[in-house]
Amino acid sequence: MEQYDSRVDAYIAKSAPFAQPILQHIRQIVHQASPLITETIKWGMPFFDYKGSVCHMAAFKAHCAMGFWKGSRLNDTHHVLNTNDESAMGSFGRITCIGDLPNDEALIDLIQQAITLNEQGVKVHIRKAPAEKKELIVPDYFIHFLSHHPKAQETFEQFRPSHKKEYVEWITEAKTDATREKRMQQAVEMMSEGKTRNWKYNVK
């Protein structure tokens with residue numbers, strides 16, 4: 001790949017007048033940090049790569065942003081990195097003029113650190129969104145069965161969701177009606193004594 005990409009020239013040229021000198025400055029410092037870095041366009045914005053993404057820049061209506069792909073892994077010895085969670089703010093917050101950027105020494109240090117991380121094969125930690133908790137559906141036949149056993153029913157209603165789930169899954173996984181009836185009866189007996197489905201394993 002070429003060190004410079006004409007698409008980045010076009011991106012800068014189309015940006016707002018205030019943004020152009022900022023983007024040109026970032027571009028200059030990135031290449032000053034390493035002649036090995038190449039340019040590309042990803043997701044509609046300029047990226048600077050070397051053995052993976054190093055950093056990127058973007059221009060918005062009223063500000064610019066510069067971000068490091070592995071920013072959380074950088075050693076912020078100059079205390080310049082933005083800890084704000086808003087991705088549009090980048091690694092240095094809103095940049096409206098060159099003075100909003102760290103000094104050249106700090107920028108070059110961070111860029112070179114990012115290059116080293118790529119050379120070492122360090123991966124980005126991607127936070128997975130927590131899985132949605134599905135609402136526990138208690139079968140009507142089990143609700144009806146419990147209604148004839150008030151003590152067991154009261155225990156079941158006071159159980160934590162995980163303990164309710166243990167009983168419901170055990171009963172609904174029965175292969176035959178006879179097995180299901182037997183399990184419901186056993187469940188009622190245990191719950192009448194205040195026991196969870198796996199109470200034996202919980203006893204210390």
Side-chain angles (χ1 to χ4, degrees), residues 1-136 160-162 165:
M1 291 181 68
E2 295 293 330
Q3 186 178 5
Y4 291 89
D5 190 319
S6 61
R7 293 175 298 171
V8 175
D9 291 306
Y11 182 93
I12 294 173
K14 291 178 182 178
S15 298
F18 85 89
Q20 293 181 19
I22 298 171
L23 300 177
Q24 290 284 14
H25 182 75
I26 293 172
R27 189 186 199 187
Q28 177 188 339
I29 295 301
V30 169
H31 288 293
Q32 185 179 331
S34 173
L36 299 174
I37 285 179
T38 59
E39 299 177 349
T40 188
I41 295 288
K42 302 177 187 177
W43 302 295
M45 69 183 75
F47 269 71
F48 301 98
D49 292 359
Y50 176 69
K51 295 187 177 181
S53 296
V54 173
C55 58
H56 59 275
M57 63 182 185
F60 301 95
K61 184 176 289 188
H63 74 281
C64 293
M66 179 184 180
F68 286 90
W69 197 242
K70 298 173 181 174
S72 63
R73 297 301 194 92
L74 299 176
N75 184 12
D76 187 17
T77 56
H78 299 275
H79 307 290
V80 294
L81 291 175
N82 176 38
T83 57
N84 196 303
D85 289 335
E86 295 182 54
S87 58
M89 299 287 275
S91 296
F92 307 114
R94 291 177 178 269
I95 303 167
T96 58
C97 65
I98 292 175
D100 290 336
L101 285 164
N103 62 44
D104 295 357
E105 179 186 354
L107 265 181
I108 289 172
D109 176 49
L110 292 170
I111 293 163
Q112 291 176 343
Q113 282 189 52
I115 290 171
T116 300
L117 291 175
N118 284 358
E119 289 177 330
Q120 294 173 345
V122 175
K123 303 296 183 183
V124 176
H125 284 305
I126 300 176
R127 293 182 181 179
K128 293 184 177 180
E132 288 186 22
K133 292 184 178 180
K134 294 182 178 179
E135 182 181 354
L136 180 65
R160 292 190 309 222
S162 59
K165 184 179 178 182

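Counting begins at 1 with the first residue of the sequence.
Minimum interatomic distance between Q32 and I108 (heavy atoms only, all atoms of both residues): NE2-CD1, 3.6 Å. Contact between D109 and T77 at its shortest, heavy atoms only, is OD2-OG1, 3.7 Å. Here the closest non-hydrogen pair linking K51 and N118 is O-CB, 3.5 Å.
From L23, atom CG reaches atom CZ of F18 across 8.0 Å, with rounding to the nearest 0.5 Å. Taken from CD1 in I111 to CG in L74, the straight-line distance is 10.5 Å, to the nearest 0.5 Å.
Checked by atom type and distance alone, the side chain of H56 pairs as donor or acceptor with a backbone atom of G67 at under 3.5 Å. Put simply, the side chain of S15 gets close to the backbone of Y11: a donor and an acceptor are under 3.5 Å apart.
Taking 4.5 Å as the limit, some side-chain heavy atom of L107 sits within range of a side-chain heavy atom of F92. Using a 4.5 Å heavy-atom threshold, the side chains of Q3 and I37 count as separate. Counting only heavy atoms from C-beta outward, the side chains of M57 and F48 approach each other to under 4.5 Å. Counting heavy atoms from C-beta outward, I22 and R27 have side chains that stay 4.5 Å or more apart.
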* Evaluate side chain to side chain donor-acceptor pair (under 3.5 Å) for H31 paired with E39, printing each intermediate quantity in order. => CA-CA 10 Å; H31 288 293; E39 299 177 349; 2.7 Å; yes

* Asked: Would K70 and S53 satisfy side chain to side chain donor-acceptor pair (under 3.5 Å), going step by step from the backbone distance to the final call?
  -> CA-CA 8 Å; K70 298 173 181 174; S53 296; over 6 Å; no

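One side chain, H25 or D104, offers a donor N or O that lies under 3.5 Å from an acceptor on the other.
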